[in-house]
Amino acid sequence: MTTALTLIVLVLVGIAIWQMTKIFELSQLRNENSQIANDSDNKYQGYLLFAFLIFIYGITIFSFWKYGKMLLPEAASEHGADYDYLELVSYIIIFTVQTITQALLHYFGFKYRGKKGNKALFFADNDRLEFIWTIIPVIVLAGLILWGLYTWTNIMDVNDEDDPLIVELYAQQFNWSARYGGADNVLGGANVRMIDIDRANVLGLDESDTYAADDVIVKELHLPVGRKVNFKMRSQDVLHSAYMPHFRAQMNCVPGMTTEFSFTPITTTADMRQNPDIIDKVNRTNKIRAERAAKGEDNSDPWEFDYILLCNKICGKSHYNMQMKIIVETQEEYDAWIKTQRTFGQTITSVE
Ligand SMILES: [Cu+2]
């Protein structure tokens with residue numbers, strides 16, 4: 001141990017001496033190599049600035065080309081198209097402005113680099129210019145924000161008037177459960193204080209509530225296509241976030257309260273599997289899997305696309321794997337599936 005420490009100290013002393021000789025060398029340099037930049041240094045720096053501009057444009061174009069296919073396929077919910085359009089317009093505005101301003105910034109940095117007799121025009125202030133470059137962003141940003149608020153209000157339509165399917169999403173470290181209201185489509189009351197593991201009442205349903213008995217708790221979310229779904233979200237422990245990317249839906253799950261989100265799925269899982277983007281993604285993934293399987297690093301089961309519910313809040317160690325499969329199907333398929341599920345009344349175990 002002492003030997004190791006002595007060695008480290010010796011190495012550090014060596015580095016310090018080497019650094020000191022460098023400083024000494026620099027202070028001894030002749031005048032034309034002085035630390036004060038001359039015209040040729042400034043020219044060199046100016047070209048470097050341009051090289052950096054080309055680099056950021058280049059990496060932007062490269063990322064779009066290389067990783068553009070990672071983007072989500074077309075939205076599978078009714079409101080998804082509005083959401084995507086808002087996002088697209090925001091991106092177009094941001095990219096246009098950033099491309100122009102970066103080009104100007106780097107060009108002027110290059111043009112007015114230190115050079116004898118090369119001086120930029122200087123004026124202390126110009127009210128008209130200031131007004132123009134303040135009012136344009138104000139109008140554009142106010143427009144985007146108002147449009148965003150309007151879109152958000154439309155999306156957050158959680159009223160129960162149009163007979164939505166009511167589904168509870170229950171989050172806990174580190175899994176999801178979904179609960180349906182049963183034949184009456186009404187969820188029984190629930191509270192974490194009523195959780196009783198011994199009796200398999202893991203979601204804390206109120207056993208004295210008559211609405212609870214026919215509730216159906218599942219580990220795979222099935223949704224009939226074309227029917228609005230109102231999600232009621234709860235969390236047992238910490239903040240989670242229910243993220244359903246293909247439906248452009250996300251809402252935090254907060255301990256002690258119920259949050260809501262609603263959407264109407266418009267594309268069944270079977271139809272989404274026919275989407276060219278999805279087919280392309282599946283093919284690429286399976287190619288990689290097959291290559292890995294050949295090396296014995298993966299099993300060779302081909303991957304098949306499914307919608308997914310993910311947790312989008314870093315909620316602990318296994319957060320990355322907190323997910324639930326979502327299946328969107330026809331009303332008939334959904335009815336057939338829900339019939340095979342057992343109700344809370346059937347699964348609860350009585351105390352002996
Ligand atoms: Cu989580």
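Looking at His79, its side chain does come within 3.5 Å of a backbone N or O of Arg248 through a donor-acceptor pair. A distance-only check finds no donor-acceptor pair linking the side chain of Asp214 to the backbone of Gly188 [under 3.5 Å]. Without hydrogens or angle criteria, Asn252 side chain to Ser241 main chain gives no donor-acceptor distance under 3.5 Å. A donor-acceptor pair under 3.5 Å is formed between the side chain of His319 and the backbone N or O of Lys313. In this structure, the side chain of Gln173 engages the main chain of Cys315 through a donor-acceptor pair within 3.5 Å.
No hydrogens or angles considered: a donor-acceptor pair under 3.5 Å links the side chains of Thr330 and Glu333.
Hydrophobic clustering (ILVMFWY, side-chain heavy atoms < 4.5 Å, transitive): Val97 and Val89 are in one cluster.
Within a 6.0 Å radius of CG in Asp127, other residues, nucleotides and ligands contribute 12 heavy atoms or fewer. Counting non-hydrogen atoms of neighbouring residues, nucleotides and ligands closer than 6.0 angstrom, the OH atom of Tyr57 exceeds 12 such neighbours.
Between Trp176 and Phe231, the gap from one ring centroid to the other reaches at least 6.0 Å.
Distance CE/Met244 to CG/Leu223: 8.0 Å, rounded to 0.5 Å.
Relative ring orientation between Phe247 and Tyr307 is described as tilted, the plane-to-plane angle lying within the 30° to 60° band.
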